Amino acid sequence: MGLVCSAPKVYKPAAEVDLGPDSDEHYISPNVKAPRVAGLPVKMFAWVLETPVLGPLLLYVLKKDNLVNKLVSDADIPEPPLFTPTHTWQDIPEQNVSLAKPGWSPAARAQEAIDCLPDLADPSSPGFRRWKIRDFAKAYSSGEITPVMVARRFLAAVEECSGPDLNMALFISYDPEDIVRQAEESTLRYQQGAPLSAMDGVLVAVKDEIDCLPYQTTGGTSWLGKMRPCVADAACVAQLRACGAVLAGKTNMHELGAGTSGINPHHGSTRNPYHTARVSGGSSGGSAAAVCAGLCPVALGADGGGSVRMPAALCGVVGFKPTAGRLSNSGLLPLNWTVGVPGILAATVEDALIAYAAMVDQSRPAHSQPQLNLPMLTSTHCMPNIRLARYGKWFNDSSDNIRGCCDKALQILRAHYGWETVDVTVPEVEEMRLAHYVTMGAECSASLAAKYLEKLDKSEIGWDVRIALSAYGSFSSRAYLNAQRIRNRQMYFHNKIFETADAIVTPMTGVTAYALQDDALRTGELDYINAAAISRYSIAGNFLGLPAITVTVGYDRGGLPVGLQFIGRPWAEATLLHLAYAMQEACSKSCRKPMVSFDLLSKKE
């Protein structure tokens, strides 16, 4: 590491950048060289960063070495800043959709989504399959199994997961009495023949970044719940409650969402159900692992930099982030307000669709309300002329296992559906990742500093997050402004690509779930190499407010899941759900059962 900076980058106007497959644009793989550290070295690093003289000097060197200064802070960028990734409604026709009416209730929208689905598969068919929302509704309607039975099985499973043998650390808080009470009310509605919707009695877990009564919202900390009382359900939670869903508690997360591993020194580190010695991913790791283990078919997460989609891929479930503004942010911790949104983790694409339909924000005036198309998954196979944009250098910047699985997945789509993959260039990918990091960090620091952090004893914050907060607070106003200029450029690039493609396709992560090491459990860890690899493909969805979804397409040599991602045009969630459903069905016969898995609909007591 040196103290002399190379010259800042001078960007040419975005309109002059070649987006074609033969572009001479240089692809920069993340310039991460720092070795992994945990335990005492993490504490020492945090102490140094928090000292008045050495801290700023060390941060300067670190930002120089990872190109933040050269590519963002000090760069010469011709475009004006774009501060929010908002998208006006564009009436771009989508294939094979059903139009939901603006005045419909959450339950009515959920039912319309169900009407778009093919018949349930035979549960006795060979191979592993996850129980879906409709499986629960069917069982409840038959009377063979009740919501109370499922709730009690859920509580027993959570207790088993929390015991010393598994130590999964899936939940931060759950209230058995409240869960059983909700289930009893749902059981009575079924007995009276009047369920509120197909989601009535279905368990839904909620990331502890989203308000849900009767719990406090901790954001994965030991202190935030005491300083910020939860007084009402978040808007998306209220809509699911109106459908009769049983809210099953608050799932674990990386503290303040400031990491990608799911390691949390306060509430335990969430383990991956496919291999309990591996990370779940973050920051919505508890929600992803709960769905993966069969504890619920749907869980809520929050996605500020891939925090729904990354753990979904590592845990082998569906992760869905809609267009910014499609779901209400009301009741979501304002950790990074221009990039963070609620998202959905689900056992299947069908479950993601049902939950999404119920949760869509319909509170705006009709004239400004984006049209809500729901995909008719009964006719996904009839969609011709789908074009998937692929940037080869970026796509291939992943492990051999992931690259092989994702290449094979695209070949399957072409063979089954005739969908075409077109080569493009997505310029300045690493510049976008760093600009997003500056944006997310600066917004997190601004949101928390005056109201909470300045009143807090630092010893209450995890060591790895103390390091992250030191970095977040160091970004200058110029760095933030330049990051928003890069956002403007990337919005232009992506809009141009979407003129000729229905979606951009990438792996979801650059590596599969890596080892959870004992020395990190109490301090967290600094593993920038794995963090950069996990987040390599997640940024555009948040920085540009685009819809994105990941679905499992295979497993690495160790049996760990591999996810493929589709990034779509603004408001084109229906198309993305079609694509993900087609991919899911094409790979369904290869779905593997996790090491930790519970069957809440078993007819055996």
Side-chain angles (χ1 to χ4, degrees), residues 1-11 26 28-38 40-77 81 255-260 305 335-336 339 428-450 453-454 458 461-487 523-533 535-536 539 543:
M1 296 188 300
L3 296 181
V4 179
C5 276
S6 55
K9 179 171 179 175
V10 177
Y11 290 78
H26 180 55
I28 303 175
S29 189
N31 183 35
V32 181
K33 303 172 185 175
R36 175 192 175 275
V37 293
L40 181 60
V42 170
K43 296 182 181 180
M44 295 175 64
F45 196 30
W47 286 331
V48 171
L49 283 179
E50 291 168 357
T51 59
V53 177
L54 290 178
L57 180 62
L58 179 56
L59 282 168
Y60 173 85
V61 173
L62 290 174
K63 285 189 284 187
K64 169 198 169 291
D65 268 21
N66 69 18
L67 302 181
V68 169
N69 286 346
K70 177 178 179 179
L71 300 182
V72 182
S73 305
D74 300 331
D76 185 349
I77 306 171
E255 184 178 6
L256 293 177
T260 59
L335 297 179
N336 26 65
V339 295
E428 303 167 14
V429 171
E430 177 65 358
E431 290 88 333
M432 175 170 60
R433 186 183 74 86
L434 294 173
H436 168 270
Y437 180 68
V438 169
T439 301
M440 179 186 67
E443 290 177 0
C444 182
S445 180
S447 174
L448 296 174
L453 297 180
E454 292 173 3
K458 288 182 179 177
I461 307 172
W463 290 100
D464 62 326
V465 175
R466 286 169 65 171
I467 293 169
L469 291 172
S470 293
Y472 294 171
S474 73
F475 295 125
S476 66
S477 57
R478 178 176 178 178
Y480 187 81
L481 285 170
N482 271 357
Q484 309 322 303
R485 291 186 170 97
I486 291 174
R487 192 196 313 246
T523 63
E525 66 180 6
L526 302 182
D527 189 348
Y528 294 123
I529 294 175
N530 274 321
S535 62
R536 183 159 299 150
I539 301 306
F543 200 43

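Quantities reported herein were computed from a predicted structural model and do not represent experimental measurements. FYI, side chains are in, hydrogens and waters are out, and symmetry mates aren't considered; it's all heavy atoms of this structure.
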Item checked: Point-to-point distance, once rounded to the nearest 0.5 Å, from OG of Ser476 to CG of Asn69 -> 8.0 Å

Next item on the list: For the residue pair Ile461 and Leu453, establish whether any side-chain heavy-atom pair is separated by less than 4.5 Å.
Entry: yes

Margin query: Can you list everything that forms a side-chain contact (heavy atoms from CB on, under 4.5 Å) with Ala471? Sequence neighbours excluded, please.
Written below: Leu59, Tyr437

Next item on the list: Starting at CE of Met432, measure out to CD1 of Ile539 and round the result to the nearest 0.5 Å.
Entry: 7.0 Å

Notebook entry, point to check: Which pair of non-hydrogen atoms, one from Ala46 and one from Trp463, has the smallest distance, and what is that distance?
Noted result: CB-CE3, 3.5 Å

Item checked: Nearest non-hydrogen partners of Val42 and Asp464, listed with the distance -> CG1-N, 4.0 Å

Check: Under 4.5 Å between any side-chain heavy atoms of Thr439 and Gln484, yes or no?
Finding: yes

Item checked: Distance, nearest 0.5 Å, that separates NZ of Lys9 from CG of Asp76 -> 11.5 Å

Check: Any side-chain heavy atom of Glu431 sitting closer than 4.5 Å to one from Tyr11?
Finding: yes

Note to self: Quick check: closest heavy atoms across Phe543 and Ala483, and the distance to 0.1 Å?
What the structure shows: CZ-O, 3.2 Å

Check: Is there side-chain contact between Ile486 and Val438, with at least one heavy-atom pair below 4.5 Å?
Finding: no

Next item on the list: Provide the closest heavy-atom pair for Cys444 versus Leu469 in the form atom of the first, atom of the second, distance.
Entry: SG-CD2, 4.4 Å

Checklist line | Closest non-hydrogen atom pair, Ala38 against Glu525 | finding: CB-CB, 3.9 Å

Item checked: Listed partners of Leu54 passing side-chain contact (heavy atoms from CB on, under 4.5 Å), at least two apart -> Val48, Thr51

Margin query: Test your reading of the model: is there a side-chain donor-acceptor pair from Asn482 to the backbone of Ala75, 3.5 Å cut-off?
Written below: yes

Check: side chain to side chain donor-acceptor pair (under 3.5 Å) with Glu443: which residues, sequence neighbours excluded?
Finding: Thr338, Tyr480

Next item on the list: Go through the structure and list residues passing salt bridge (Lys or Arg N to Asp or Glu O under 4.0 Å) with Glu255, not counting sequence neighbours.
Entry: none

Notebook entry, point to check: Atom OG in Ser73, atom CG in Leu67: separation rounded to 0.5 Å?
Noted result: 11.0 Å

Checklist line | Pairs meeting criterion salt bridge (charged side-chain N to carboxylate O under 4.0 Å, His left out) with involvement of residues 466-478, two or more places apart | finding: Glu50-Arg466

Margin query: Nearest 0.5 angstrom please: Thr260 OG1 to Asp527 CG, how far?
Written below: 8.0 Å

Notebook entry, point to check: Got a sec, which residues hit side chain to side chain donor-acceptor pair (under 3.5 Å) with Lys458, two or more places apart in sequence or on another chain?
Noted result: none

Note to self: Test side chain to side chain contact (heavy atoms under 4.5 Å, CB included) on Ile467 and Val465; report intermediate values, then the result.
What the structure shows: CA-CA 5 Å; Ile467 293 169; Val465 175; over 6 Å; no

Note to self: Among residues at least two apart in sequence or on other chains, which ones pass side chain to side chain donor-acceptor pair (under 3.5 Å) with Asn336?
What the structure shows: none

Item checked: side-chain contact (heavy atoms from CB on, under 4.5 Å) against Ala532, all qualifying residues, sequence neighbours excluded -> Pro30, Val32, Arg433

Notebook entry, point to check: What residues form a side chain to side chain donor-acceptor pair (under 3.5 Å) with Ser474, not counting sequence neighbours?
Noted result: Lys63

Check: Closest heavy-atom contact between Ala258 and Tyr472?
Finding: CB-OH, 3.8 Å

